[in-house]
K.L.:
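Dropping a structure here in structure tokens format, bear with me for questions.
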Amino acid sequence: MLDINLIRENPELVRKALRDRQDDPAPVDSILALSEKRRAVLNQAEALKGQRNAVSKEISKMKDAAQRQEKIEAMREVGDQISALDRETAQIESELHELMSRLPNIPDERAPYGKDDSENVVVKTVGEPRAFDFTPLPHWDLGPALDILDFERGAKLTGSRFYVLQKAGARLQRALIAWMLDLHVRQGYQEEYLPFMVKTATVFGAGQLPKFADNLYKDHEEDLYFVPTAEVPLTGLHMDEIMDESALPRYYTAYTPCFRREKMSAGRDVRGIKRGHQFDKVEMYIYCKPEESEAMHQKMLADAEETCALLEIPYRVKQLCTGDLGFGARLTYDLELWAPGCNEWLEVSSVSNVGDFQARRANVKYRPADGGKVRFAHTLNGSGLGLPRALIAVLENYQQADGSVVVPDVLRPWMGGADVIAP
RNA sequence: GGAAGGAUGGCCGAGCGGCUUAAGGCGCAUGUCUUGAAAACAUGUUUGGGCAACCCCCAACGUGGGUUCGAAUCCCACUCCUUCCGCCA
């Protein structure tokens, strides 16, 4: 959510943000009009309420019954007017809120301008792709050959885009999750186990509602949403709270499955396990003061990079252009792991500075130690990392000519010491 | 799923139609006193909105409606919490 005062004071800044994101700037004008109307109606209502409060006080002190009755009649009239104005205000506010909740965040001035993901900027590339003396297989061949990945049974159980991991495949994913959580704890994050189903207000707070309802799974009977990312419950953790300044920054990490309908991505990435309706992810999340969020962003990026580096898989860092930036993000770095089998860079992490955008939605504030006015916190989120793709990268980079897969050093303690996955 | 009780400020807790934004206590902040601290005393201590304005005004006692000139207080619905029963990994 943007600050309505910012929109009123600098509407052109907001229009530009929308244009840079390849969105329509028109809602800004509707918002300005509604906001003016709201203030006009509110002023009328408040003047009448002030009058009513004063007269009610008089009535309570009046002795003369006739005079008293006269005032009561007059106030009955005023009361009706107030109700009408209150209804009008509520109507205007609900329209205003609807429009405001669909406005994306304003990109940081450092975010490069670009129309879509083709204009993202590669910031750096780390590590050399391994030289193979055989043709590396894509994971959708490698996995079934090792009998650790079963697409047919996934489809049988649920449908397309679902799969079953078996034996060392299932364990390798669990090893990655456990290793990454432990790594993030060492990096200073506090581990959380969170609900995988959340209520509407929680999803709204993180920014997925109302605009992205299409992409969410929902239990309509209970009015609960399945989390599309741990970012949602992690944002909700401090919803409607005012923290002491000394409590910031707060670092969280959590593993959750993620559920996404991916309606808009139907037809993309249909082979393999790159894009499914259910996937696992370990997430990092930080709440901090505005003035430290840039430093926190750099820390989180470094922490996500460390995850890639320790796996000893080539990766690159991209800065997202304005046209590809997520709804709530001001500035985002994507991390991509090289996958020699499917021959592409796989996005495994998105590290974003959200500014106060989610904090405004979820009402997360802090009280400055100097006794100043309460302020909205800043929030940052980043994957560390998305699971199916990290799994793909491990399998494809560590495969050998005989079809086996070497277990990366860092994961061996979680694989019962095994150094190789063989058929 | 059934039954009972409950939800008030950072915390505890009173209020049960107008004198209540809210008694009292705790905590916290500032001041007086003190060599310093403690104690004592004094003062202050919510959030959001309107406004040029921390002058003032409006709103908020779980949430949403209703009754009334006026609601923390009365009525209705809902949510959550606690306890007991049932079911269950």
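Below, each value reflects all heavy atoms present in this structure, side chains not excepted, and no hydrogens, waters or symmetry copies. Each chain gets a letter, A, B and so on, in the order its sequence line appears, and its residues count up from 1.
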K.L.:
Residues in ring-ring contact (aromatic ring centres under 6.0 Å, His included) with F279(A), at least two apart?
P.N.:
none
K.L.:
Please state how far atom CE in M239(A) lies from atom C1' in C80(B), giving the value in whole angstrom units.
P.N.:
13 Å
K.L.:
Is the distance between the ring centroids of F212(A) and F327(A) under 6.0 Å?
P.N.:
yes
K.L.:
Using the rule ring-ring contact (aromatic ring centres under 6.0 Å, His included), only one of F196(A), Y225(A), F226(A) pairs with F259(A); which is it?
P.N.:
F226(A)
K.L.:
Using purine N1 to pyrimidine N3 plus N6-O4 or O6-N4 for Watson-Crick, or N1-O2 and O6-N3 for G-U wobble, each under 3.5 Å, what pairs with U20(B)?
P.N.:
none
K.L.:
Think N43(A) has a side-chain N or O under 4.0 angstrom from the OP1 or OP2 of G49(B)?
P.N.:
no
K.L.:
Would you please confirm or rule out a distance under 4.0 Å between OP1 or OP2 of U68(B) and any side-chain N or O of R76(A)?
P.N.:
no
K.L.:
Would you classify L42(A) as touching base, sugar-phosphate or nothing, given that sugar-phosphate means primed atoms plus P, OP1 and OP2, and contacts are heavy atoms under 4.0 Å?
P.N.:
sugar-phosphate
K.L.:
What is the distance, to the nearest angstrom, from the CG atom on D240(A) to the P atom on U46(B)?
P.N.:
19 Å
K.L.:
Nearest whole angstrom, please: distance from the P of U46(B) to the NZ of K365(A).
P.N.:
14 Å
K.L.:
In this structure, how many angstroms lie between the C1' atom of C69(B) and the CD1 atom of I72(A), rounded?
P.N.:
5 Å
K.L.:
Taking atom P of A60(B) as reference, at what distance in whole Å does atom CD of E93(A) sit?
P.N.:
13 Å
K.L.:
Please figure out whether R87(A) or I242(A) has its closest RNA chain B nucleotide nearer the 5' end.
P.N.:
I242(A)
K.L.:
Mind checking whether H297(A) and Y333(A) have ring centres under 6.0 Å apart?
P.N.:
yes
K.L.:
Can you check whether R367(A) has a side-chain N or O nearer than 4.0 Å to OP1 or OP2 of U47(B)?
P.N.:
yes
K.L.:
Quick one: is C58(B) close enough that its OP1 or OP2 comes under 4.0 Å of any side-chain N or O from N53(A)?
P.N.:
yes
K.L.:
Would you kindly check whether a donor in the side chain of R8(A) faces an acceptor in the base of G50(B), or vice versa, at under 3.5 angstrom?
P.N.:
no
K.L.:
Please report, rounded to the nearest Å, how far the P atom of C28(B) is from the CG atom of D244(A).
P.N.:
13 Å
K.L.:
Nearest whole angstrom, please: distance from the C1' of G48(B) to the CE of M1(A).
P.N.:
14 Å
K.L.:
Does U68(B) have its OP1 or OP2 closer than 4.0 Å to a side-chain nitrogen or oxygen of R52(A)?
P.N.:
no
